[in-house]
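Here the structure is a predicted model, which means the values were calculated and not measured.
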Amino acid sequence: MKYLLILIVLLGLLSCAENKQPSDSNNIKNEDIAKDSKYQAGRSLYITNCATCHNLRYELTGPALQNVEQRWKDKALLYAFIKNSQAVIAKDAYAKDLYNRYNKVEMTQFTWLKNEEIDQLLHYIAIASNKKD
Ligand code: HEC
């Protein structure tokens, strides 16, 4: 009986150890993310302001934001789009095409976002895009 109990405890410990796999193939570790204050700030901005219309991996009202920075050659234009998408749609062919593809749904304006906060958002998006949940 005593041995059975020991066996059960050991099996329990073993299954906990199995759950401690590295979080993904890119070696982005949850411990590192927990210490990354820029990531945490970006994540919280994202959840409050963006997640109603965007998911990283699939389309909602807006496009999936996974690796979005790679789709914008001009970083300044990307920042401008996040602040006021309509102003960029008026002058940029990529933005105009995107707007048409998404049924001319106007993204909320975020003119109040500071560049530093957009940095945080994009940092979160870039890391979370390549991290397994
Ligand atoms: C009301 C819904 C809505 C909200 C809220 C929203 N978006 Fe969007 N977003 C869209 C739509 C729709 C598009 C597609 C372009 C368009 O229709 O203007 C888009 C496009 C984008 C793009 C360009 C995507 C690409 O593939 O190039 C980025 C970047 C983006 N949004 C970032 C954000 C961020 C960051 C936030 C939060 C601060 C946010 N969005 C909040 C609806 C939204």
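Two different hydrophobic clusters hold Ile89 and Val105 under the rule that ILVMFWY side chains link at heavy-atom gaps under 4.5 Å. Transitive grouping of hydrophobic side chains (ILVMFWY, heavy atoms separated by less than 4.5 Å) keeps Leu65 and Tyr58 in distinct clusters.
Note that the CD atom of Glu117 and the NZ atom of Lys38 stand 12.5 Å from one another [nearest 0.5 Å]. Annotation: the span from Lys131 atom NZ to Ile33 atom CD1 amounts to 5.0 Å, rounded to 0.5 Å. Annotation: the span from Ile125 atom CD1 to Glu69 atom CD amounts to 8.0 Å, rounded to 0.5 Å. Here Asn30 contributes atom CG and Lys35 contributes atom NZ; the two are 12.0 Å apart, rounded to the nearest 0.5 Å. Rounding to the nearest 0.5 Å gives a distance of 14.0 Å between CG of Asp36 and NZ of Lys29. Of the inter-residue distances, the one linking Leu60 atom CG with Cys50 atom SG reads 12.0 Å to the nearest 0.5 angstrom.
When all heavy atoms of Gly62 and Tyr102 are compared, the closest pair comes out as C-CE2, 3.7 Å. Taking both residues in full, the closest heavy atoms of Leu56 and Ala128 are given as CD1-CB, 3.4 Å, listed atom of the first, atom of the second, then distance.
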Next item on the list: Starting from the C-alpha separation in whole Å, work towards a yes-or-no answer on salt bridge (charged side-chain N to carboxylate O under 4.0 Å, His left out) for Asp92 and Lys96.
Entry: CA-CA 6 Å; Asp92 179 73; Lys96 186 173 287 170; over 6 Å; no
Next item on the list: I would like to know whether Asn49 and Leu121 meet side-chain contact (heavy atoms from CB on, under 4.5 Å); could you show each step before the answer?
Entry: CA-CA 10 Å; Asn49 302 292; Leu121 274 163; over 6 Å; no
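Not a single donor-acceptor pair under 3.5 Å links the side chain of Gln109 to the backbone N or O of Asn84. Under the 3.5 Å distance criterion, the side-chain polar atoms of Asn55 are left unmatched by any main-chain donor or acceptor of Ala51. Checked by atom type and distance alone, the side chain of Ser129 pairs as donor or acceptor with a backbone atom of Asn67 at under 3.5 Å. Panel note: side chain Asp74, backbone Leu77; a donor-acceptor pair is recorded below 3.5 Å. Judged purely by atom type and a 3.5 angstrom limit, Tyr99 has no side-chain atom pairing as donor or acceptor with the backbone of Met107. A donor-acceptor pair under 3.5 Å is absent between the side-chain atoms of Ser85 and the main chain of Phe81, judged by distance alone.
Counted by atom type alone, Tyr94 and Asp97 present zero donor-acceptor pairs between their side chains at under 3.5 Å. Between the side chains of Tyr79 and Asp119, a donor-acceptor pair is found at a separation under 3.5 Å.
At a threshold of 4.5 Å between non-hydrogen side-chain atoms, the residues Leu78 and Leu122 count as touching. With a 4.5 Å cut-off on side-chain heavy atoms, Asn115 and Lys83 count as touching.
The aromatic rings of Tyr39 and His123 lie perpendicular to each other, with more than 60° between the two planes, well past the 30° mark.
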